[in-house]
Amino acid sequence: MIYFPNLFPDEILYSALSRYHRDSGSENYKLTMVDLFGEKTVCASLLFPSHLATLCERMPVGSITTPNDLIANHTFLPFYTPFIPEKRNLEMKLIMNSKQGNSVYMKIGKTASSLKSQKGLNYCRACVTNDREDYGEAYWHRTHQAEGVLICPNHNTALIRSDLSHANQRNKHELVSLESVLGYEKFNHLDLKQLQSFEILKYISEQTYLLLNNKFSPLGLDKINRFYIMKLQRMGLANHSGRVRWTDLVPRFNHFFGKVLLMKLQSYIEPLQEATWLHKLLRKPRVACHPLRHLLLLKFLDETFENMNYEISGGKLSFGPFGKGPWPCLNKVANHYKESIILSCEITRCSKTGQPIGTFECSCGFVYARKGPDLTNDDRFRIGRVKNFGAEWNLKLRMISQQNISLREMARQLGCDPKTVVSNLSSKSNENIAIISQEQKKRRYREIWIKLIRENRQLSVSELRNQNQAVYNWLYRYDRTWLLAHVLVKKKGIIKRERVNWKERDNQLSKEVQIVADDIVNVNSGKLIRVTKREIGRRLDKLPLLFNMLHRLPESAKQLDIVLESVEEFQTRRIKIKAAELKKKNSVVKRWKLIRASGLKKKFIETHCDQINNLTV
């Protein structure tokens, strides 16, 4: 090439190629592809173009543009890079540089994603005006074409959607510049004044622009998952072990965005679903998820991608409801009072509130617990409940009990309540009696519990506990091992819910298949199309259903067997239609004209020889 247009900021490569086609004066898109890539079969891909190494080699002498520059500044790979593994990111670059670009969408996961590409390229009126002033013409902006971007990040105005669709199966080589479609646009009816979710859409737009126009590295699926879990723990939507409270999270998530907006963004989560994109993000990461879904979750967590990148890159992903150890000993009589010498913290869950409870045990025997999470540094020096005062505290208690000081002064020195001093002093004097009384109570309560089980075998543990709450609580506190060995455990049945009425869907789909097949067959002029499963699925927008779930759609399968055309049947129909068209123009239909009009290759002429002879002279 002796000329290639200058690439503008945030311009999608497709836009630059379309401007080249317009400026070159060529009327044939395939000839333009030969100029650009040396092959006429290259498709005009919008998101992940391939053959980039070849394109850079064919650019004018002196051009310093490299394939990596094109990928980073004019394709959609930077939008996905932070959310895919490092290995896959490298593979994507190799594929886009090579001539084997047919697997790029499968490699990134677009073909399997439930979030489908939008139909029609978008632009902003204000950007058109600015671009004409700054660069002499308008162009397709990369950010405007991202899924979920409905607002221009620079002007906060609604984008306009054109009729030009890059997702169209046909005209794969077509290159259309923005200037050529202005004035023929299809308006996007987005009323920003009445839209309650404007701030959310603005956030998505700005974060998308940030991802596309900065060189971020892959963060790692495991680290991203840990970041999300850490934030959910701080919101109380995940417990201390990282288990997500789905019954709380999903309703709050849907309410935060609203069903209308989530449906528009193809990301609404049904309350009873258990394998949604949100589950895949927050469970053990096995697959990559669309960047838009990451942005939705980040918005819900009141976070930005910059902050997530900073925390992950800086190694700040450790979350503990009680901070990092060591923790202080709060035994007031110890020499190491308030010194951080406790190395371990046992975390359990409060059965009433679900909040984490930390138990801290010092070498001096002092054991205390408190409910978390800690919100300030002062919380580290707070005691919720003392579980054991320890030998050192008890020794101090006996020593000061011999002194002539008041009860309140004793409590002040020991760091406890006066009633605690009294109870501990009396318990020491009656320690032996208490042990004997404890054993007697244990035997009596065990007998009561066994009798309760024997008389109420149909009841669950919770129902048995309600029958005699005091006995259950005492055994749970002082004889838990025996109690857990003497409870009736009933397995909960698994209720399978049929989410789809396949019979109803099958009946409806079979009718739609027949209607679409008739539409394809009844076209007697123009470009004829063979009745195939792919063509029917494409027109119904139900390709995955016909290819993946046909075993659950018997009526639709039967209907497809009836209406589908083999290659030979399609050629027969095409010959008949072309013969009728030629006969309208001329009463005599010549054999060679019918063969040419029917587009038959040499190997098929013999197969349809009798039909051709009957229709020609």
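Side-chain atoms are counted along with the backbone in the values below, which use heavy atoms only and exclude waters and symmetry mates.
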Taking C-beta and beyond as the side chain, do [X] and [Y] meet within less than 4.5 Å on heavy atoms?
X	Y	result
C416	V386	no
R88	Y80	no
L298	T304	no
D479	Y445	no
P85	L221	yes
E512	K542	yes
R380	R370	yes
L546	L560	yes

Relative to each other, are the rings of F389 and W393 parallel, tilted or perpendicular (30° and 60° limits)?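 Aromatic pair F389/W393 classed parallel.
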How are the rings of Y368 and F360 set to each other: parallel, tilted or perpendicular (split at 30° and 60°)? parallel
Check whether any side-chain N or O of [X] sits under 3.5 Å from a backbone N or O of [Y] as a donor-acceptor pair, and report yes or no.
X	Y	result
N388	V367	no
R505	L553	no
N466	S462	yes
S205	K202	no
N225	K284	no
T208	I204	yes
D417	K419	yes
H255	P251	no

Could you tell me if [X] sits above the aromatic ring of [Y], with its cationic atom closer than 6.0 Å to the ring centre and no more than 45 degrees from the axis?
X	Y	answer
K442	Y478	no
R534	F547	yes
R446	W449	no

Heavy atoms from other residues, nucleotides or ligands near [atom1] of [X] exceed 12 (cutoff 6.0 Å):
X	atom1	value
E504	CD	no
R243	CZ	no
M235	CE	yes
R382	CZ	yes

If you round to the nearest 0.5 Å, how far is [atom2] of [Y] from [atom1] of [X]?
X	Y	atom1	atom2	result
L262	I200	CG	CD1	8.0 Å
I108	M92	CD1	CE	4.0 Å
K264	L261	NZ	CG	8.5 Å
L211	E306	CG	CD	8.5 Å
D302	Y203	CG	OH	8.5 Å
F198	L150	CZ	CG	11.5 Å

Heavy-atom closest pair, residues [X] and [Y]:
X	Y	answer
F257	L296	CZ-O, 3.0 Å
R245	G236	NH1-O, 3.0 Å
S556	S510	OG-N, 3.3 Å
K332	Y337	CA-CD1, 3.6 Å
E361	I342	O-CG2, 3.6 Å
L292	E147	CD2-O, 3.8 Å

Using the rule side-chain hydrogen bond (donor to acceptor under 3.5 Å, both in side chains), only one of H294, Q233, K223 pairs with Y228; which is it? H294
Any side-chain donor paired with an acceptor under 3.5 Å for E409 and Q413? yes
Under the criterion side-chain contact (heavy atoms from CB on, under 4.5 Å), I'd like the reasoning laid out for E392 against L395: C-alpha separation, chi angles, the key distance, then a yes or no. CA-CA 5 Å; E392 191 170 342; L395 178 62; 5.8 Å; no
Please walk me through it: do E303 and M308 pass side-chain contact (heavy atoms from CB on, under 4.5 Å)? CA-CA 7 Å; E303 289 289 346; M308 180 171 74; 5.9 Å; no
Are the ring centres of F253 and W277 closer than 6.0 Å?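 Centroid distance F253-W277: below 6.0 Å, so yes.
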Looking at F79, Y209, Y310, F83, which one forms a ring pair (Phe, Tyr, Trp, His ring centres under 6.0 Å) with F305?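 Among F79, Y209, Y310, F83, the one that satisfies the ring pair (Phe, Tyr, Trp, His ring centres under 6.0 Å) with F305 is F83.
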Trace of the side-chain contact (heavy atoms from CB on, under 4.5 Å) decision for N507 with E555: CA-CA 7 Å; N507 292 333; E555 292 299 323; 4.1 Å; yes
Hey, mind stepping through N307 and K231 against side-chain contact (heavy atoms from CB on, under 4.5 Å) and telling me if it holds? CA-CA 12 Å; N307 188 58; K231 297 301 178 181; 4.3 Å; yes
